[in-house]
Amino acid sequence: MLFYTGTAPATAQEYRDRPEQPAIWDRSQNTSFMFCAQIASLEQMLKTPSGVAAPGYDEVYIDPPVFRAFLLAAFDFLRRSGSLPLRRMMIGVLQTALFLDARASGEPLPIPPRFADIEQGLEDIT
């Protein structure tokens, strides 16, 4: 699947009429499916939109400002929850999200203090 910035096309015609745009990530169906499922789960838990839309067509769209606000909400939630198992489960999806956020926004999001475990291995995401 290919990941792009911007909003997802609302119709098939809008999809066909869009000009070519550069992909920010190209991953297998399984990797993309897992990431999108995890983000959707976090959206429900945080009650905050993620800015990630997978309308089909083997493409995923990321709205950079909404996605960044979602990441900040996730860090705030983790900071307040204190649940180590939840934190461990969220590390991989947050690392991938931070990678995509940097690609979509053009600059990395500064990781809040006390999240060194999320920084470890972040450079391995490609």
Visitor: Kindly give the heavy-atom pair with the smallest separation between Ala54 and Val60, and that separation in Å.
Guide: CB-CG2, 4.1 Å
Visitor: Would Arg27 and Thr96 count as a side-chain contact (heavy atoms from CB on, under 4.5 Å) here? Give the steps.
Guide: CA-CA 12 Å; Arg27 282 294 168 255; Thr96 303; over 6 Å; no
Visitor: Any heavy-atom pair between the side chains of Ile62 and Tyr4 that's under 4.5 Å?
Guide: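 No, too far: nothing below the 4.5 Å cut-off.
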Visitor: Is there a side-chain contact between Phe3 and Ser32 (heavy atoms, below 4.5 Å)?
Guide: yes
Visitor: Looking at side-chain heavy atoms only, is the closest gap between Ile118 and Leu98 below 4.5 Å?
Guide: yes
Visitor: Membership question, hydrophobic clusters at under 4.5 Å side-chain separation (ILVMFWY): are Ile39 and Ile111 in the same one?
Guide: yes
Visitor: Could you list the residues that satisfy side-chain hydrogen bond (donor to acceptor under 3.5 Å, both in side chains) with Ser105, not counting sequence neighbours?
Guide: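 Counting only residues at least two positions away or on another chain, Ser105 forms a side-chain hydrogen bond (donor to acceptor under 3.5 Å, both in side chains) with Asp101.
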Visitor: Any chance you could measure Phe77, atom CZ, to Met45, atom CE, to the nearest 0.5 Å?
Guide: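 The CZ atom of Phe77 sits 4.5 Å away from the CE atom of Met45.
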Visitor: Any non-hydrogen side-chain atom of Phe99 less than 4.5 Å from a side-chain atom of Arg103?
Guide: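 Yes, close enough: below the 4.5 Å cut-off.
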Visitor: Is the shortest heavy-atom distance from the side chain of Leu100 to the side chain of Trp25 under 4.5 Å?
Guide: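 Yes, close enough: below the 4.5 Å cut-off.
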Visitor: Tabulate below the donor-acceptor pairs under 3.5 Å that side-chain atoms of residues 86-94 make, not counting sequence neighbours, or state none.
Guide:
{"from": "Arg87", "atom 1": "NE", "to": "Asp117", "atom 2": "OD1", "distance (Å)": "3.4"}
{"from": "Arg87", "atom 1": "NE", "to": "Asp117", "atom 2": "OD2", "distance (Å)": "2.8"}
{"from": "Arg87", "atom 1": "NH2", "to": "Arg114", "atom 2": "O", "distance (Å)": "2.5"}
{"from": "Arg87", "atom 1": "NH2", "to": "Asp117", "atom 2": "OD1", "distance (Å)": "2.9"}
{"from": "Arg88", "atom 1": "NH1", "to": "Asp117", "atom 2": "OD2", "distance (Å)": "3.3"}

Visitor: Report yes if the side chains of Leu72 and Leu109 come closer than 4.5 Å at any heavy-atom pair, otherwise no.
Guide: yes
Visitor: Would the distance check show the side chain of Glu43 and the main-chain N or O of Ser50 forming a donor-acceptor pair, the cut-off being under 3.5 Å?
Guide: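 Judged by distance alone, yes, a pair lies under 3.5 Å.
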Visitor: Output the distance between atom CG (Leu78) and atom CG (Leu84), rounded to the nearest 0.5 Å.
Guide: 10.5 Å
Visitor: Any non-hydrogen side-chain atom of Arg79 less than 4.5 Å from a side-chain atom of Phe115?
Guide: yes
Visitor: With a 6.0 Å cut-off (strictly less than), is the heavy-atom count around CD of Glu123, excluding the residue itself, greater than 12?
Guide: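 Yes - once you tally the heavy atoms of other residues, nucleotides and ligands closer than 6.0 Å, there are more than 12.
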Visitor: So do the side chains of Val52 and Phe70 get within less than 4.5 Å of each other, counting heavy atoms only?
Guide: no
Visitor: Excluding sequence neighbours, so at least two apart, what forms ring-ring contact (aromatic ring centres under 6.0 Å, His included) with Phe33?
Guide: none
Visitor: State, to 0.1 Å, how close Thr5 and Tyr61 come at their nearest heavy-atom pair, and which atoms those are.
Guide: O-CD2, 4.2 Å
